[in-house]
Each structure stands twice: as structure tokens, then as C-alpha cells.
Amino acid sequence: MAIPGITAGMHAPWPGAEALNSLLMEWTADGIFATDEDGITTFVNPAIAEMTGWTAKELLGKPQHTFVGHLPREDGANVREPLVSDTADGPVHNGAVWRGEGAVFLRKDGTIFPAAYTGAAILEQGRLRGTVVVFRDISIERRRKQWERTRNEICSAILEHHVLSSNLQRIADAFVAFHPSRSIAIFLVLGQEFRLEAEAGLTERSSRPEASTAEVQDARVPVADGNYATLSRPLVSGLATCPRFQEILESGVRLGPVFLLTSGSGEASGAVAVFEDPTRLVDDLALETMQSVCDLARVAIEHQRFYEEAAHRLNYDRPTGLPNRLFLEDRLRQTMGISRLQGKLIGVCCLDLDHFKQINETLGHELGDSFFKAVSERLSLSIRKIDFLARQSGDEFILVLRELEGSADAEKICTRLLKDLREPIVVDGHSLAISASVGISMFPQHGETVDQLLRNADIALRAAKRAGRGLAQVYSHGLGRQIQRAAEMVEALVTAVAQDQFRMAYQPIYTMNREIVAFEALLRWKHAKWGQISPLEFIPIAETTGLIVPMGDWVIKEVCRQAMEWDSAGLPPVKMFANVSGAQLERHDFASKIAHTLQRSGLAPERLELEITESWIISDLKGAARKLQKLRDLGIGVAIDDFGTGYSSFNYLQALPLDTLKIDRSFLHGLDATAAHPSTVRAITGLAQLLGLKTVAEGVETENQVTALSESGCDFMQGFFLARPLRAHAAASLLRKQQTVGGFSNLPTQTSFAEPSPEECLVHK
Ligand code: C2E
Ligand code: CA
Ligand code: CA
């Protein structure tokens, strides 16, 4: 059948065009129809019958409105609206071509579908003879576009939200909204186990008892990329044993395809099962949408895995696998909220391995790392399940202790941990025992924020280290103030060094006959705002900041100068004892600097004796022996200060070139009560005699102690009972007085001699 006017506006037909036309009419999937000038259908092609269900017979000779131009109204009724207008003044008469997507076609069964169309007027010498229209069902296209929009929305949601189950639920809901006749279940595959994460459309199904898991066995499973594969046996049983999956099958829906989602490495990461209502027709878009659902589900799962991994990388320390500080802060924050509700306390502990740096340096970093890992494993095993361990940095851990009743609980736990740590750890054949120090701050007393708690735990840690390491120390506000002041003091000390704010005090050292034979030089610092500050406070700060070195240089110079000044004033030559810190002794030029100072001042080296501490000696016995020998070679004396505190090791005494032991004043306490048996002091003096060392008893405060000491074999004594540290002029006048009195036996008593006038006394203890 020829279509009148289809060539309107075209070139002249070529040979065979007739045949081509009719082939096109036969085979094209588009609908083509023609009308006369009154809108009566004069031609329909076979595709129209396919699309609408009307036969050509039923349409020809009928108004086109029988099957075309019906737009659904809001009330649901279809309205006749001609697709090609036949009004005399309409565009039809101008020979124009119309295109549009708004047309609606009516099927014989009463349903409608949207169509895109092209219509043209057939004109004969300017007169309208009819119209011809080509149209295409665009319902699928529309649905596809609609799905694309949905898919894009889901994609953004996946990127924004990191909760996998809610992302998968979003996908399942969208699928069922799109295909109301189907249901869907989305699983996460973990190894061989299927875990249902989302489902939609499954609840209101009726029961179909004959359904069984056997269907799964038979299911040919399209893999999401379009290739069909059969679920491997373990996966089939994995899916079949998922309880919810069984329940779904028992509820009576028919299992459609199961799509297996695979990750980049080919491993199963998830599965999408589709269930169909067998009474409904399968629509063309279904497979496409399912494919898309699979892609979305796979992206959601992968995104989640990536996110978790990234979070893991961000949150975990690589060598130990422990959570890092970042993670810890989050966790701690959460825990704080819960504890507040529970009315319980949290202990935040900073745990630092003592001397770990040395281990690292001796063993090398690789072994150091392994060792650190072993330590972290031991700690992880020692803590309770509810507690939480993280790596802070370097050799520091943070431990969060939960559900505590008080700080004593935290101390108890930490003390046990420290004990566990002291058991030797074997790594690569090296057995190492480690000690650690812990600082503890309590939530909420010591801080309401993570930062505050960590800061205060760190302050407590520093205090624990200062107190001798291997200890657990709970934060207190006093500690906080100390640290604050220490920070201010560093600055003030820098100024003090620059502005020469230090002075010396001299405490006489007596023979047992109460004759002054030496002075111990003690550093004094008076700060403009804080007043007189005890060296017990500022010396440790000067030591940790290195300021002790210039301060110590000044002390030695001042002591030498003072001795020379007294010599020139005609006073009897006394020995000068000066305190030196480990940090000074460690300087390679220490001995040569002292030699230089002695030389410049003119003081004989024998007149100077340096007091050093046991702790410095112990840290490196061989090195200490070498360094001390250099001083000895110069002719300078060496004394051990505070002997007997902490280390009580006599072994090193033989190994070192020493002159004097200064017996710590703690040994003198016992002398008061049991004046007749000063056994420890006697033991020390006995040993000193064996080794050819002199002894000075420090901190003599009572007459009884003097009496006891004179029987103990001690050589010299020093203490408040005899004299406090004095300013140089007071010390000099004391020395002069002794010179004029002469002899020892009738030497000053406590009142006449040992108590300097207050203004002469620099420290009032
Ligand atoms: P130290 O070397 O043990 O000095 C003795 C300390 O005991 C002095 O405290 C002294 O005043 C005090 N003392 C003396 N007799 C008695 C007594 O009978 N009873 C009591 N309770 N105390 C007594 P000071 O002057 O406060 O010095 C404290 C510490 O500061 C010194 O202890 C020493 O370790 C350090 N120090 C002082 N001057 C220097 C210095 O120039 N360099 C270095 N590195 N450290 C210094
Ligand atoms: Ca001393
Ligand atoms: Ca001392």
C-alpha cells in the first residue's frame, strides 16, 4: 500500500522506491499511519497492530482518535486530542512538520503508552488532503531515563553515606519501586557466608509451600558482568543456609536469578537475589535494571570496603596494628559520653617505655620495631576486654581504662601492667626486660576534653619519670601547676644566666673535732617575682634544658675566684666542694675547661673537689671511670654525693677513681633513736676505709647525731646543726673566728657558731 504524500517535501522518487517504501512499512518497529483531511484513518502499518493490539481492520476508516492522542486527565479519563490538528488556520496548512513526545496512544485493552511522533500534512496544490504520522513507543526510554535518575541519586547517596546496609536498602527499595511485581534481597558475602543486608517487596507475599532451597542448586547464576556462571558449591550452601533466605523461599515467592557480585580480584563480595511474582509479565527493562542494581550494590560494597580500609590505614599504626592517636581520640570521645551516663570514671594513661631509645640504638631499628610490637602484644593481652590500647608515637602508648570507680583502680591496673612488662620478652633470640612509666589522668576530674585528659596524663607521666621511672603516677592539679611553673622557669633561667642572677652559698664541712676544713658551694637564685628558689626545683630544669652547662661553668669559676679571694685575705686554705651534674660531665671539654679555670684563677687543683651523683655513674660505669680519671689526672678530687640513695651498689666504688663518699643524710635519721648502734653508717665508713676513701656525713641536725657519728668512724660532717649555707662574707668571718680562737677542742657550740644571723642565712629551712 502506498502512502499518499509521504514524500512531501522530499526529492522525486528513484526507481524501486515503491518497493523500498512497502518494505519499510512492513518491517519498521515504528508505527506509521495516515489520515484523510477529516482525520479518518486511511493507513496503518503492521507495527501498529503489534503496539496497540488493534488490527488494521479495526482502525481503517475510523477516526484517528480511536487509538491516538489520548492524554490521561487528572481524573483518569482519557481525553481526545488530535495529534495532527485539522483546524483550517492551523500549522497543517503551512505544510510544516511536527515533532513531539507528548502523544499518548490507546491500546485495545484500554492501557496507554507514551510516544514520540513526527507528523506532516499532505498537501495538494496548497490544499490539505490528509496527514501522515510516524510514532514510537517511548515508555521504555522514559523508564530508562527515570531509572538513570534514580541510579544517579543512589550513587551520590553511596558516596555520602558510609553505612552499607542503608545504602543497599536504598538500592533494593529503588528496584522494587521500579518493578513492583518483583522482590529483591541483597547479601554481603563474607568468605562463604551470606549475610542479608537489605530486602524489599518481600513481606506481603503469600505462602507457596512447595518452594525449597533445591531451587538454589538449580539456579544458573548470571554473574553481574553478564556472564552466566554457576554458584560454586560452597557458595550455594552458603546462600542456602542463610536463615532469612530460607524464610523468604518458604514464604512462597519464586526465586529468579541470583547475581553474584565479584570484586576486582574475582572474589565474591555480595549477591543480589531477585524474586518474581510469576503472574506478572517480565518487562524488557528488568534485566537492564537488575544489571544496574548489581553494579550499584557492588559499588556500595566496594566503597564501604575502601572506606573501611582507608579508615584503617588512617586509624591504625602500621608496625603494631594498634589504633593510633586519631582513632583513639574518637573512641575516647564516645567512651566519655557513655561513662557520663553510667556514672563511671575513665582513666587515660600515657605509658612510656623507659630507655627504649637505647634498645633501638643497640639492637637496630628493625629489631627495635619487633620488640616494640612484642611489647604492644603483651600489653594488649594484659588489659581487660573493656579497655583500649593505642599507640601514641615513638615509644609511647595510650591506654584507656573504662568503668573505674576511682583513680586507685587505674593505679592498680597500671601497676600490674608494669609488673607484667618487666617479665623478659624474647625477640629473635634477644631476651629483654623492660620497664615503663605511666601517667594517669581521670575523666571527668582531670579534664572534660580528650585534649585536656591526654595533656594531663602526659604531665603525670613526666612526674613519674622524674620520680625514678618504672612507676604509675596519677595526675593532680598540683602537678599541673608544677609543670606550668617549670615552663615559666625555663624562660626565667635563660634570663638569669644572661643577667648573672646567681650567687653562691657556702656550707662549712667540719672535722669531727668541729674544725672547718672545707665548704660545699651551693647555688642560689633569687628571682625578682618568685623570690628565693630552691636548687631542688631549678637544677633539674636546668639539667633537662642544658642550661646547667653555662650555670655550672659559672659555679666553678666563682668557687675558684672565692677561694683565691679568701686566700688573699689571709684566711686558712680550705677545700672547696662544688656540685656538678651529669650533663656537665658528659661534655667532652669538661676536664679541659676546668683545667683552664683553675689555671686562670691560680687555685691549686687539690683545693677543688667535685661532687657527682651515683645515678650518673651507674648509667655508664666505664665511661664514668674514664671521665673521672681525667679529672683525677688534673689533681682534682672526686666525691660521690648522696651516697647510698637508690643504688646502694658498692661494686662500682672499686672501679672508680674516687676520694670521698658523702653519706646521704637519710642514714642519719636512725642515729637519733639508736645512738649507740649507728650500724649502717659504720658499715659505710668501714668500707670507705678499706677503699681508702674519706667520708662526710651530710645533714647533721642534732647533737645526738654528732655524738653517734664520732663513734662511727666518719671523717667529716656537715649540717644545719653545725652551720647553714652562708653568704661568702659570713662564711669568711666564721673561718676567721676559728682561726683566732685556734685549736679544735674548745670549738664553737651550736649557739655561738652554728646559727648564723638570719640575714646571713640564705635559706631558711
Ligand atoms: P646536695 O648536694 O645534697 O646539697 C646539700 C643540700 O642539703 C643543700 O640543699 C643544703 O642546704 C642541704 N642541707 C645541708 N645541711 C642540711 C641539714 O642539716 N638538713 C637538711 N634538711 N638539709 C641540709 P640546697 O642548697 O637546697 O641544694 C639542694 C641540691 O641542689 C643539692 O643537694 C645539689 O644536689 C643541688 N645543687 C646545689 N647547688 C648546685 C650546683 O651548683 N650545681 C649542681 N649541679 N647542683 C647543685
Ligand atoms: Ca652536694
Ligand atoms: Ca648531698
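Counting starts at 1 for both ligands and their atoms, in listed order.
Residue contact annotation: Glu520 places an N/O/S atom under 3.0 Å from the Ca ion (ligand 2). Taking 3.0 Å as the criterion, Asp641 counts as a coordinating residue of the Ca ion (ligand 2), since one of its N, O or S atoms falls below it.
Under the 3.5 Å distance criterion, with hydrogens and angles disregarded, a donor-acceptor pair is assigned to the side chains of Glu488 and Gln484. A donor atom on one side chain and an acceptor atom on the other are found under 3.5 Å apart for Asp354 and Ser437.
Every N/O-N/O distance between Val555 and ligand 1 stays at or above 3.5 Å. An N or O contact shorter than 3.5 Å is missing between Glu543 and ligand 1 by distance. Taking distance alone, with nitrogen or oxygen atoms compared against 3.5 Å, Gln718 stays at or beyond that limit from ligand 1. Distances between N or O atoms of Leu523 and those of ligand 1 include at least one value under 3.5 Å.
Side-chain contact between Asp641 and Trp616: absent, with no pair of heavy atoms (C-beta onward) separated by less than 4.5 Å.
The Ca ion (ligand 2) sits nearest to atom OE1 when only the N, O or S atoms of Glu611 are considered.
Using modelled atom types, one side-chain atom of Ser476 and one backbone atom of Leu479 make a donor-acceptor pair closer than 3.5 Å.
Taking the ring centre of Phe577 as origin, the terminal cationic atom of Lys662 falls inside the region bounded by 6.0 Å and 45° from the ring axis.
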